[in-house]
Amino acid sequence: MQRTLLLALALSGLSYNAIAQKARPANTHSVDERVNQLLAQMTLEEKVGQLNQYTSDRLATGPLTENSSKYEDIKTGKVGSMLNVRGAKDTRMVQELAMRSRLKIPLLFGLDVIHGYRVTFPIPLAEASSWDMKAIETSARVAAAESAAAGIHWTFAPMVDIARDPRWGRVMEGAGEDTYLGSMIAKARVKGFQGKQLGDLDAVMACVKHFAAYGAAIGGRDYNSVEMGDRTLWETYLPPFKAALDAGAATFMNSFNDLNGIPATGNSYLQRDILKGKWGFTGFVVSDWSSIKEMIPHGFAKDPAQAAEIAIKAGSDMDMEGRAYITSLVKLVNDKKVDVAIIDDAVRRILRKKFELGLFDDPYRFSNEAREKKELNSYANRAKARDVAKRSIVLLKNDGQLLPLSKNTKTIAVIGPLGRSNIDMMGFWSVKWDNDKLVSVYEGLENKLGKNTKLLYAKGCGITDTSKAGFAEAVATAKQADVVIMAVGEAYDMSGEAKSKANIHIPGVQEELVKAVQATGKPVVVLTMSGRPMIFNWIADNAKAILHTWWLGSEAGNAIADVLFGDYDPAGKLTMSFPRSEGQIPVYYNHKSTGRPSPTDLAGSYRSGYLDMPNSPRYAFGYGLSYTTFELSDLKLDKKAFVDTDSITVTCNLKNTGKYAGEEVVQLYLQDVVASVTRPVQELKGFEKVSLKPGESKTIKFVINKEMLSFYDQQMKWTAEPGEFKLMIGNSSDHITLRTNFELTDRSANQ
Ligand code: NOJ
């Protein structure tokens, strides 16, 4: 059938086959009108079907058979969406079943495309370290193009939960601890996934998650309760969600946790009052996996029917694999416990997206095997993954300029359990593919170096080993080398969902392995790898060079080699503090001062601190070194005071004073000195990533306005209060080199 005809038919607002049969000419009805026309034809059972999402059995238990009850439900219009069906062939096959239902309403196919589809990009926390919005958007763009070509309509990303607790395994999925940066990254990811517009063949719907406050699980234990004051919720945890919404995010996912006693899934304040009310969100909310039914063990609902009633009334539109809606909603409406208008609203929200994606035009438009073959794992996509990967690496230490290494080094030993690992490079939440498409550190070095360099390898120990049996071989190997590269850290599946840890030290005897190898006197470069901030105090104190390389995806080894040999000067900056000890957690840069701040960072003289260690983390938010050096100077403000309708222009100079071309992230922090509620000691309010050649300078400009000084006052009113503010500019939250004060003056005082 002609595409134009299909399009014209789709515009009539009827389901694909129904319209095809009637072959009506194009009409000018809006999406809402078309949705309403379709809704008018639906039975209550069909409406509830649209709110039901199942997972594919294929991923869980092997091939799905025609007899699967899920297949039967699709054919009878009882399913609106499937998750975990992927690939052009499979999505087409399952969509065909939906086309056998009475109204032939197409299914939505959703999948966790968190950091790449076929080509794996760095985990989101790593990408955040790039502070490079273009790179982050590119990563999401490639993921969208690949997954859309494989029949996926909808990714369950971005996760925008602020995270201050590295024990929580899901910190790897987010952007770290800062609200401002997290909001910028949320926007970039939504833009990347959704491209120019929904309906384009390289765009997938974003799903902003987990609404809300999931990142603050008590004790860092996944799925745990959250207790949080309204000010922290509104100032710290909600803004990235709002930013994602403003960027046009099509859908939201609610969360497993209860917030101040009310599970997010059954939380009207979050979903109805804030999201759909105050913020005017017109897309739909999907529950998290079975989170509707999980309100029973929460002790919030007595059975699935009550859970369904609470959830739908609270604004959860779609039930992910929970079977609470499909089993209970029809009866709840017939028993007059749930108004059908609530169901209609949820159905409308879902149908609208199916129209916007063009699925009523052609339900198979994303399931195109030829396009899939061309798009997946292309050279261009891998090149982009390598570029984003090298931007995500953070140089933690480089004493005596040990790095970059010379490509003429005669013998290099790669030592450590992660040195030859492929699988760990992908990180958690990747769409699993063949191992051989993931470049290990060793392979990256092989690819980079010529025949004149000899590469040696010794494992030394396993990731969680307690035995030192392999140390002797590792030491002997190191002795034969001119330089040793050690790859140590966690396994890829030690972070992610349900991967909380009470001990976040580098596991097993790996730190002792580094000690033993370093005792040979050979120059040692340590690559630390993990999906969370990790603790490695001995290495931090004693190693000469440390690169934190997270999980960098398909091109990990190549990107690491680019950095090790100076083809790229590392510029990553941490977006989450690395503690010295689990006992400091939560440790984050934008904390309050207290009435007894410690000038020495220690507890002495009845000051707020610990007797046994400093307050400060091992590595602070915003920290990261470079092979070159930068100098900030010439801080200028166009005025020292302003009224709130005006702004202040701040300029300073950044110069590359070293030998290498490199990039620096200039970070602007502000503090409200005295306010009607206590304010953080510093808050990131702006940054610029600048690329400079040796000797080159650039003027950096920031404009300070009222919005940047605002907060929720005692009445929870968003306001900026007149008074004095501190302005701090540096290249890390703990390395401020330019400081001054300015004033916001009271307008009424001037009148
Ligand atoms: C549970 C996770 O919390 C959520 O983030 C994910 O999208 C769903 N499972 C689907 O896999």
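Whatever order the structure lists ligands and atoms in, that order sets their numbers, starting from 1.
Remark: E309 engages K313 in a salt bridge, criterion side-chain N to carboxylate O under 4.0 Å. Here R323 does not pair with D73 in a salt bridge; the nearest charged N to carboxylate O distance is not below 4.0 Å. Salt bridge absent: D202 and R371 never bring a charged side-chain N and a carboxylate O closer than 4.0 Å. Salt bridge annotation for K353-E356: present, with a cationic side-chain nitrogen under 4.0 angstrom from a carboxylate oxygen. Remark: D246 does not engage K187 in a salt bridge, criterion side-chain N to carboxylate O under 4.0 Å.
The ligand atoms of ligand 1 that sit less than 4.0 angstrom from a heavy atom of M253 are 4 (C), 7 (O). The ligand atoms of ligand 1 that sit less than 4.0 angstrom from a heavy atom of F156 are 7 (O). Proximity to R170 (heavy-atom distance under 4.0 Å) selects the following atoms of ligand 1: 2 (C), 3 (O), 4 (C), 5 (O). Listed by atom number, the atoms of ligand 1 under 4.0 Å from K209 heavy atoms are 4 (C), 5 (O), 6 (C), 7 (O). Atom numbering of ligand 1 starts at 1 in the shown order; those under 4.0 Å from a heavy atom of D112 are 6 (C), 7 (O), 10 (C), 11 (O).
Any N or O atom pair closer than 3.5 Å counts here, and W289 shares no such pair with ligand 1.
Figure legend: cation-pi geometry between K499 and W551 absent, as NZ or CZ is not positioned both under 6.0 Å from the six-membered ring centre and within 45° of its axis.
Within the 4.0 Å heavy-atom criterion, neither part of M159 lies near ligand 1. With a 4.0 Å cut-off on non-hydrogen atoms, L83 touches ligand 1 through its side chain and not its backbone.
Considering only non-hydrogen protein atoms, atom 1 (C) of ligand 1 sits nearest to D288 OD1, 2.9 Å.
For the pairing with F252, the ring-ring contact (aromatic ring centres under 6.0 Å, His included) check across F284, F281, W279 returns one residue only, F281.
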